[in-house]
Amino acid sequence: MSCLLALLSSLLAGAASQGAETSHFTLMTAAGPIGTLAVTENGNSVDSDWRVDDNGRGAKLKEHIEVDPHGLPLLWKIEGHSEVGAPVQERFIVDGSKGKWTSLDDSGEAEMKDSLYVPNNGTPWSANIYLKNLLAAKTLTKSALPGGSLRIEALREVSIGTGANSETVKAYALWGLDVVPQFVLARKGRFVASLSPGWVLVEDKHKADFEALSALAGELSADTLRLYTKKLTHTVDSPIWLTHARIFDPKTGTVGTATNVGVFRGTITYVGSDRPPADAQTVDCEGGTLMPGLFDAHAHLTDWSGPLSIASGVTFGRDPGNDNDSRLLLDRRIESGEFMGPRAKLSGFLEGQSPFSAHLGFVIGSVDEAKDKVRWYADHGYWGIKIYNSMNPDFVKPIAAEAHRLGLHVSGHVPAFMSSERAVRDGYDEIHHINQLMLSFVIDPKKDDTRTPFRFTALGERMAKLDLREKPVRDMLALMKEKKTTLDPTMSVFAQLLLSRPGKASPSDDTWLDHAPVVIQRQRRSAVLDVKPEQYSTYEASWKKLEATLRLLYKEGIPLVPGTDDMAGLLLHSELETWVRAGIPAHAALTAATLGGARLTGQDAVLGTVARGKLADLYLVDGDPTKDIAAIRKGRLVMKGSAVYYPDEIHEMLGIKPFASHVSLRRATAAISEPRSKR
């Protein structure tokens with residue numbers, strides 16, 4: 001009998017497997033494929049295998065979903081590893097009227113009420129689940145578990161492919177999965193592709209169409225962002241006067257008494273106590289702190305990073321590497337006012353060939369090829385170049401020499417098998433990330449491979465034991481002082497890497513995360529690295545040593561500039577807060593984020609301070625951030641040249657709970673009282 005049952009079971013399994021259909025997708029970049037998604041559908045069950053390999057990182061996930069006849073998930077299981085190696089184990093099940101979820105980061109249950117579960121670590125096939133269910137909803141909207149809501153917006157029909165593979169599909173925007181929309185293509189409601197400029201996940205039959213699909217992503221994004229930019233940008237032709245403002249002076253690190261600031265056609269025309277002219281539009285700053293616009297030294301900007309940046313007072317920055325075509329187009333759109341976004345200096349990305357190469361900019365295989373690409377960047381208006389992990393160390397010196405010959409700034413990661421000292425001696429003007437500076441003192445740079453997450457785990461496991469008084473460390477500081485080498489430490493990124501735990505966000509997220517959508521909150525209350533509980537104390541001690549390193553760099557006068565390398569805008573504020581917690585005075589952190597950025601990029605004649613004749617890049621906050629750095633989040637008004645923005649309006653559009661209410665433009669009255677303190 002048992003043999004008969006076994007045979008029957010085998011026959012049924014074989015029949016089921018014959019009914020299974022597998023679809024294949026490829027994740028494409030300008031440099032080629034970096035990931036795959038295989039989706040096997042068998043009746044009401046779906047199994048997905050998602051693998052990404054880029055820059056020594058990438059998610060590796062297996063997903064099993066069982067749906068009801070209407071496509072609503074009844075069971076959802078995910079296992080594997082996240083982008084930088086943290087383990088993933090997540091499960092959702094419908095039990096009666098309730099949905100129940102458990103993961104390594106959280107657990108909970110709630111009444112389903114026709115809600116859709118949004119996994120914390122799902123594969124891209126999740127988009128197909130959302131498409132089917134949202135398109136069937138009368139309002140094209142569904143509540144989400146554990147919280148928030150999802151909405152789908154039909155955009156337009158588009159033609160993709162060539163020859164026998166040409167077809168017409170429909171483009172949609174999915175809202176609620178992030179603070180920005182996700183653009184997808186569907187064929188009769190079935191997922192075909194997920195698009196963003198420079199990154200395309202698409203059915204294999206269309207993977208040769210990367211350039212066209214990347215351009216399409218830019219068009220879809222542009223159509224949506226253009227409308228929001230027009231709606232949220234306030235402009236006036238008359239003079240604008242900001243009254244009763246207390247100006248932060250980066251040169252002295254002080255906040256002055258209340259005064260008035262006049263602006264006309266994007267330039268600061270007056271600072272003092274005179275009354276506004278009769279034809280002026282005025283803004284009563286109510287005694288708030290008026291700062292120069294903030295600078296982000298590490299902004300890998302995309303279309304939707306622009307609103308996030310502007311809402312946080314970030315009006316200028318440096319992009320240290322991106323998809324070249326997409327970034328040049330974005331720059332043009334921001335400069336024309338078509339998109340809101342910060343001014344930017346661009347550093348062209350140069351990577352060496354290896355199995356661990358990052359796929360941005362140019363991946364090169366020889367010195368001559370590298371020099372040719374340096375010239376390409378110079379010819380296309382780039383401000384600098386950025387050298388990355390897989391570059392041959394022997395290429396660095398001639399690359400830097402060619403860049404300097406052309407007047408370009410040279411920065412980067414320290415390539416594998418090279419020391420930070422050699423990188424500076426061979427021509428680096430700036431090092432990105434505090435780990436790239438310090439790894440040389442805790443590993444053997446000639447033998448240890450930093451092209452993988454080892455560059456993060458080695459920091460967590462070994463930094464605590466480093467004595468900052470050792471001669472190699474002191475010699476490196478002396479060299480940086482001699483060469484005037486800048487460091488862009490991105491401390492908040494390393495707080496997240498070393499200190500985030502399952503169910504617990506890093507301290508750099510504490511002051512803003514409750515304002516974000518539930519999906520973002522859940523993502524950031526997750527471990528990033530695979531840190532075992534018995535390692536927690538070591539990683540925490542290593543973090544304390546990184547804070548001590550930052551204090552030492554500041555004390556020694558090494559130029560420091562704040563950058564994100566993470567979510568734009570909000571995380572620049574986190575970076576400044578992280579510096580202050582590490583022991584850097586708030587006024588010094590704010591100076592680095594204003595005048596420091598202007599000096600780094602050679603723009604201090606027009607940016608970085610609030611003074612007559614300079615560009616009107618201004619950020620008004622409620623309170624005094626020199627006394628309480630958290631006040632930096634309470635933005636009430638942003639000006640970038642002649643454009644005026646209200647941070648709360650932008651944040652609400654992005655699904656972020658505002659940090660403060662805005663102050664409004666109004667017509668000047670016949671007489672304005674003398675500047676006064678905040679009411």
Within-4.5 Å side-chain heavy-atom neighbours: W383 and R318: yes
Minimum-distance pair of heavy atoms, taken over all atoms of A358 and N55: CB-CB, 3.8 Å
Cationic N near anionic O, under 4.0 Å, R522 to E90: yes
H359 side chain vs S357 backbone, donor-acceptor pair below 3.5 Å: yes
Note, L439 side chain near T450 side chain (heavy atom, < 4.5 Å): yes
Distance-only donor-acceptor check, side chains S103 and N120, under 3.5 Å: no
Donor-acceptor pair, side chain of T490 and main chain of V493, under 3.5 angstrom: no
CE-CG distance between M567 and D509, expressed to the nearest 0.5 angstrom: 8.5 Å
CG on L346 to OG1 on T601, rounded to 0.5 Å: 11.5 Å
W76 side chain to E63 side chain, donor-acceptor N/O pair below 3.5 angstrom: yes
D444/K446 salt bridge by N-O under 4.0 Å criterion: no
Side chain proximity check, E575 to T564, heavy atoms < 4.5 angstrom: no
Smallest separation among heavy atoms of P197 and D303, with atom names: CG-OD2, 4.1 Å
Pairing of K544 and E540 as salt bridge, 4.0 angstrom limit: no
Test of ring centre spacing under 6.0 Å for F349 and Y388: yes
Test: K532 and D530 ion pair at under 4.0 Å: yes
Matching residue for D514 among R525, R633, R524 - test: salt bridge (charged side-chain N to carboxylate O under 4.0 Å, His left out): R525
Between H432 and S411: side-chain donor-acceptor atoms closer than 3.5 Å: yes
Under 3.5 Å: donor-acceptor pair, side chain of S542, backbone of T538: yes
Separation of K371 NZ from I399 CD1 (nearest 0.5 Å): 9.5 Å
Separation between OG of S508 and CH2 of W579, rounded to the nearest 0.5 Å: 14.5 Å
Heavy-atom closest pair, residues L571 and S492: O-OG, 3.9 Å
Side chain to side chain contact (heavy atoms under 4.5 Å, CB included) between H64 and L75, intermediate numbers included: CA-CA 8 Å; H64 175 75; L75 174 68; 4.1 Å; yes
Atom of D105, atom of S526 and distance for their closest heavy-atom approach: OD2-OG, 3.1 Å
Donor-acceptor contact below 3.5 Å, side chain E369 vs main chain G365: yes
Side-chain donor/acceptor of K657 to backbone N/O of H515, under 3.5 Å: no
Side chain to side chain, I431 and D488, heavy atoms closer than 4.5 Å: no
Non-hydrogen side-chain atoms of V46 and N128 separated by less than 4.5 Å: no
Pair H300, N322: side-chain N/O donor-acceptor within cut-off below 3.5 Å: no
salt_bridge(D319, K386) N-O dist < 4.0 Å: no
Passing option when I520 is tested against V179, I656, L570 for side chain to side chain contact (heavy atoms under 4.5 Å, CB included): V179
Test item: P562 and L572 side chains (from C-beta on) under 4.5 Å apart, heavy atoms: yes
For I385 against L408, the heavy-atom pair lying closest together: CG2-CD1, 4.0 Å
Spatial distance of atom CG (L195) from atom CZ (F183) [nearest 0.5 Å]: 9.0 Å
Distance (rounded to the nearest 0.5 Å) between M491 CE and L546 CG: 5.5 Å
Donor-acceptor under 3.5 Å (S326 side chain, D323 main chain): no
H404/H409 aromatic ring centres below 6.0 Å: no
Check against side chain to side chain contact (heavy atoms under 4.5 Å, CB included), I584 and E547: CA-CA 9 Å; I584 292 182; E547 290 184 316; over 6 Å; no
F356 and N389, any side-chain heavy atoms less than 4.5 Å apart: no
Working for side chain to side chain contact (heavy atoms under 4.5 Å, CB included), residues F362 and E351: CA-CA 6 Å; F362 296 118; E351 172 68 304; over 6 Å; no
Verdict with reasoning, F295 to L600, per side chain to side chain contact (heavy atoms under 4.5 Å, CB included): CA-CA 10 Å; F295 173 76; L600 173 72; 4.1 Å; yes
Heavy-atom donor-acceptor pair, R501 side chain to A527 backbone, under 3.5 Å: no
Backbone of S305 reached by a side-chain donor or acceptor of S309 within 3.5 Å: yes
Polar contact flag, side-chain donor to acceptor under 3.5 angstrom, T511-E577: yes
Within 6.0 angstrom of K60 NZ, more than 12 heavy atoms from elsewhere: yes
Closest approach of M476 to S420 (non-hydrogen atoms, all atoms of both residues): CE-O, 3.5 Å
Ring geometry between Y117 and F92 (parallel below 30°, tilted from 30 to 60°, perpendicular above 60°): parallel
Verdict with reasoning, D429 to K483, per salt bridge (Lys or Arg N to Asp or Glu O under 4.0 Å): CA-CA 8 Å; D429 301 304; K483 300 287 188 179; over 6 Å; no
Heavy-atom side-chain proximity of L350 to V374 below 4.5 angstrom: yes
Residue pair S390 / S354, side-chain donor-acceptor N/O under 3.5 Å: yes
Step-by-step salt bridge (Lys or Arg N to Asp or Glu O under 4.0 Å) determination, K481 to E556: CA-CA 8 Å; K481 290 172 73 172; E556 292 292 327; 3.3 Å; yes
Name of the residue among R451, H433, R455 meeting side chain to side chain donor-acceptor pair (under 3.5 Å) with H413: H433
Donor-acceptor side-chain pairing of T26 and D204 below 3.5 angstrom: yes
Check against salt bridge (Lys or Arg N to Asp or Glu O under 4.0 Å), R425 and E421: CA-CA 6 Å; R425 292 192 184 280; E421 176 190 356; 3.0 Å; yes
